[in-house]
There are 4 protein chains.
Amino acid sequence: MSVQTRGRLIEAAKRVFSEKGYHNAQIAHIIDEAGVARGTFYLYFKSKEEILKELLREVVEELKERIRVIDINEDPVHQVVENVERIIEFALEEKELARIVLQRNSDPELFKVIDEFFEEVVGLIEHSLRLGIDMGIVRECDTSLIGRGILGALKEIILSLLDREEVDTYAVAKEIIELGMRGVWKPAGGESHGVSSGV
Amino acid sequence: MSVQTRGRLIEAAKRVFSEKGYHNAQIAHIIDEAGVARGTFYLYFKSKEEILKELLREVVEELKERIRVIDINEDPVHQVVENVERIIEFALEEKELARIVLQRNSDPELFKVIDEFFEEVVGLIEHSLRLGIDMGIVRECDTSLIGRGILGALKEIILSLLDREEVDTYAVAKEIIELGMRGVWKPAGGESHGVSSGV
Amino acid sequence: MSVQTRGRLIEAAKRVFSEKGYHNAQIAHIIDEAGVARGTFYLYFKSKEEILKELLREVVEELKERIRVIDINEDPVHQVVENVERIIEFALEEKELARIVLQRNSDPELFKVIDEFFEEVVGLIEHSLRLGIDMGIVRECDTSLIGRGILGALKEIILSLLDREEVDTYAVAKEIIELGMRGVWKPAGGESHGVSSGV
Amino acid sequence: MSVQTRGRLIEAAKRVFSEKGYHNAQIAHIIDEAGVARGTFYLYFKSKEEILKELLREVVEELKERIRVIDINEDPVHQVVENVERIIEFALEEKELARIVLQRNSDPELFKVIDEFFEEVVGLIEHSLRLGIDMGIVRECDTSLIGRGILGALKEIILSLLDREEVDTYAVAKEIIELGMRGVWKPAGGESHGVSSGV
DNA sequence: CATGAATGAGACTTCATTCAT
DNA sequence: TATGAATGAAGTCTCATTCAT
């Protein structure tokens, strides 16, 4: 079991799945890309499905590490921005993985890990919203709906970033949060704004 | 060429693609569902790919009909809400189609019509944003990013509605627009709000 | 049973079989060419095979009519030339049919009538040769071999004529017989020759 | 890519195509005959068409090797007889191949290599004829017609040989050339004859 | 550990023929 | 007599997986 060979297969799979999508990807593509023999693939992974799931498991693990629990004693908005920024950074570091994850493939069983992760994220957002409502700083709303909306915005935006040359991750993260918090409307008066200001 | 048979195939394809996804769907499933013989399918559609594309073409056509151009002399926000509402209504009327369209499938060639439609929608949103900025009612922002964000929110929310029993389409549409305009933040003061108020 | 419709199908089949060959020909092509409906075809012919066989039967019948028995009291060579000429004329009148017949299709069962006809022709040639040998005007030879050779030459030459613009059928017939009788060698001396001379 | 397996497929294809003809031949027949699995076939050949073309390419190559250029310093007729003999020998060694090649199949695209080869042969014969005419030993004639005639005779005769038990290849070759040169007519006087005599 | 030839289930598609109108 | 929609057997080809070396 050479860790090296396994690594080459994983990297190859990333590229191939990312470019062609799971169904159009063939084992032949992966082993060509990895430069190993056909049989070797099955030494490391039980099946095509298996290597995809492994990939997804790794992504979710990494993503979870990048999401830190909010410390209420510090500026919470800033922490949220930083969480979003770290996720964007990961997506840009691992563009192939990001593409795989964000291409919602019509295969619930296959992408279960990812779907579950996204459900958790929605839960997290909902929780924060309810907290904000309780604290009187977030307006009453359908938290489930809004939660999904914010997730959707996040996903679509990150997907579009994968094709940009240069990305100012902090600025983008701030823009996303600003959208979620204040929307696009211009404040009527000239009062202060900016997502983390004053909190 | 019986219009009836064609219709049955189309309806069957909707159900099958929606449930299994394009790649896991088989012609066998579609013809079983439609109750016709194998050869009959090919009397109406050149291939599996063809019937999917036909389906998507029809969706896009229908969607475009439901999106009305904004009349600046009337309350624009209200019109946007109605556009969104009509789209939601369509998604709920044609849940299978909606599922097919919203499952971002990793097959650019196949889903080209849909992707192009979404690009148009982003363009539309961007245009509105820029108009709002010029009119001084929308804040300066990265319109491309925000445009995609709003589209993403819309898509994710509608997808989640497909599993709800009862949906108040107007309320949801309003909630979505409210999110895009004012975000989730509670206005500091007690002033009036609500998306269409005062216009 | 409209004789007209039947005729249109036969004519269409000639063209289609001739151009595409039996296996690449489809009933669809024939009915399109004939301008009749699918079901109509089966009103007149039991199957695709049947219409081909019918075609071939008609050809053989026509060909047999054009071959006259040699009258020994007249110039026999001249009569042979005329037989060959009539066959060439038929091939040129019915180029499509000729093409079908001369394309030895690898389907013994299908082209049985034709093969049998050709066998008869070989028999006829063999018979003439043996007669000639008995009369002392034809040299001793493997009549079966020579018979087939002459048939082969005939077939190949006629096939090539189908693409020529203008054909002098009598000249060609004479050339063929001359080849069979005297070969291409130039007579050593300067004596008279020409196939029918002196008999 | 085992050369062995490829060879078994080629041999199987020869038998199957020869017996059933291209169109009636199925991949199933070939793989059964070769004793390999369905997929194995496609490891070596892209399609049924491909293996036929490969077969034909090999035949033409072999045939061309058996045809030697005539050396004018030696007895030319004898050399022609030997060329013909070598071709007959090949046909008898590879009866299946011969049958495939000689069954004029109604599929120009498929049998292009063969048709081109035959065209070359006609060209060769025509060239020889014109040479003979210039040298004054061949009579004036329509060389194109005669060329095709000789080819046709050759083809038909060889085809008939495939069913004979014992074949004296030299005798047959001589008979064919004799037919082409002197025809079947018995020389009027008692002079010398025999194709290569006197050179 | 690695190889790559072989496998075969199963998908797609074609087209001669049938049959209700 | 004519129609043409419907049929389904049968064929071609793909590709994930196995296994002997």
Side-chain angles (χ1 to χ4, degrees), chain A residues 1-6 9 23-32 34-51, chain B residues 1-6 8-9 23-31 34-51, chain C residues 1-6 9 23-32 34-51, chain D residues 1-6 8-9 23-31 34-51:
Chain A
M1 286 294 165
S2 139
V3 178
Q4 228 186 84
T5 306
R6 199 195 124 97
L9 281 166
H23 286 287
N24 293 323
Q26 293 172 207
I27 299 293
H29 300 143
I30 296 176
I31 60 173
D32 282 0
V36 303
R38 194 153 279 249
T40 306
F41 177 91
Y42 289 89
L43 245 40
Y44 292 89
F45 302 96
K46 218 173 73 240
S47 65
K48 182 175 152 185
E49 194 175 321
E50 197 64 14
I51 195 173
Chain B
M1 290 294 159
S2 138
V3 178
Q4 234 186 81
T5 305
R6 198 196 126 96
R8 289 170 71 180
L9 281 166
H23 288 287
N24 294 321
Q26 294 170 208
I27 302 289
H29 299 145
I30 296 176
I31 60 174
V36 303
R38 197 150 283 257
T40 306
F41 177 90
Y42 290 93
L43 235 45
Y44 293 87
F45 303 97
K46 232 179 48 244
S47 64
K48 185 173 126 179
E49 190 175 325
E50 198 65 12
I51 196 173
Chain C
M1 284 297 165
S2 142
V3 178
Q4 228 186 83
T5 305
R6 199 195 123 95
L9 281 166
H23 287 286
N24 294 322
Q26 294 173 206
I27 299 291
H29 300 144
I30 296 176
I31 60 174
D32 282 0
V36 303
R38 195 153 279 249
T40 306
F41 177 91
Y42 289 90
L43 244 41
Y44 293 88
F45 302 97
K46 220 174 72 240
S47 65
K48 181 176 154 184
E49 193 175 322
E50 197 64 14
I51 195 173
Chain D
M1 291 294 159
S2 134
V3 177
Q4 233 186 81
T5 304
R6 198 195 126 97
R8 290 171 70 179
L9 282 166
H23 288 286
N24 294 321
Q26 294 170 209
I27 301 290
H29 300 144
I30 297 177
I31 60 174
V36 302
R38 195 151 285 252
T40 306
F41 177 91
Y42 290 93
L43 235 45
Y44 293 89
F45 303 97
K46 230 178 50 244
S47 64
K48 186 173 126 178
E49 191 175 323
E50 198 66 12
I51 196 173

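Per chain, numbering begins at 1; letters A, B, ... match sequence-line order.
Taking atom CZ on D:Arg6 and atom C1' on E:dA6, their separation rounds to 17 Å, with Å as the unit. Residue B:His29 contributes atom NE2, which lies 13 Å from atom C1' of E:dC12 at whole-angstrom precision. Atom NZ in D:Lys48 sits roughly 12 Å away from atom C1' in F:dA10 (whole-Å rounding). As rounded to whole Å, 13 Å separates atom C1' of F:dA9 from atom CD1 of B:Ile31. In this structure, CG of A:Asp32 is placed 13 Å from P of E:dT3, rounded to the nearest angstrom. Distance NE2 (D:His23) to C1' (F:dT12): 15 Å, rounded to an integer number of Å. Residue C:Ile51 contributes atom CD1, which lies 11 Å from atom P of E:dT17 at whole-angstrom precision. Per the geometry, CD1 belonging to C:Ile27 stands 6 Å off C1' belonging to E:dA16, to the nearest Å.
Here the CZ atom belonging to A:Phe45 is positioned 5.5 Å from the CG atom belonging to A:Leu9, to the nearest 0.5 angstrom. B:Asn24 CG to B:His29 NE2: the interatomic distance, rounded to the nearest 0.5 Å, is 9.0 Å.
The phosphate of E:dT14 has neither OP1 nor OP2 within less than 4.0 Å of any side-chain N or O from B:Tyr42.
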Could you go through C:Phe41 and C:Ile51, starting from their C-alpha distance and side-chain angles, then the distance that decides it, and tell me whether this counts as side-chain contact (heavy atoms from CB on, under 4.5 Å)?
CA-CA 10 Å; C:Phe41 177 91; C:Ile51 195 173; 3.8 Å; yes
Using side-chain contact (heavy atoms from CB on, under 4.5 Å), reason through C:Thr40 and C:Ile31 one step at a time and then give a plain yes or no.
CA-CA 8 Å; C:Thr40 306; C:Ile31 60 174; over 6 Å; no
Heteroatom pairs (N/O) under 3.5 angstrom, protein to nucleotides 1-3 of chain F:
residue	atom	partner	partner atom	Å
F:dT1	OP1	C:Met1	N	2.7
F:dT1	OP2	C:Met1	N	3.2
F:dT1	O5'	C:Met1	N	2.7
F:dA2	OP1	C:Thr5	OG1	3.3
F:dA2	OP2	C:Tyr44	OH	2.5
F:dT3	OP2	C:Ala37	N	3.2
F:dT3	OP2	C:Thr40	OG1	2.9

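In plain terms, the two heavy atoms of C:Lys48 and C:Ala25 that are nearest each other are NZ-O, 2.8 Å. Taking each heavy atom of C:Ala28 and C:Arg38 in turn, the nearest pair found is CB-NH2, 3.2 Å.
Sequence order on DNA chain F of the closest nucleotides to A:Glu49 and D:Ala25 puts D:Ala25 first from the 5' end.
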Quick one: the dot-bracket string of DNA chain E, using Watson-Crick and G-U wobble pairs with both distances under 3.5 Å, [ ] for crossing pairs and | for bases paired to another strand.
.||||||||||||||||||||
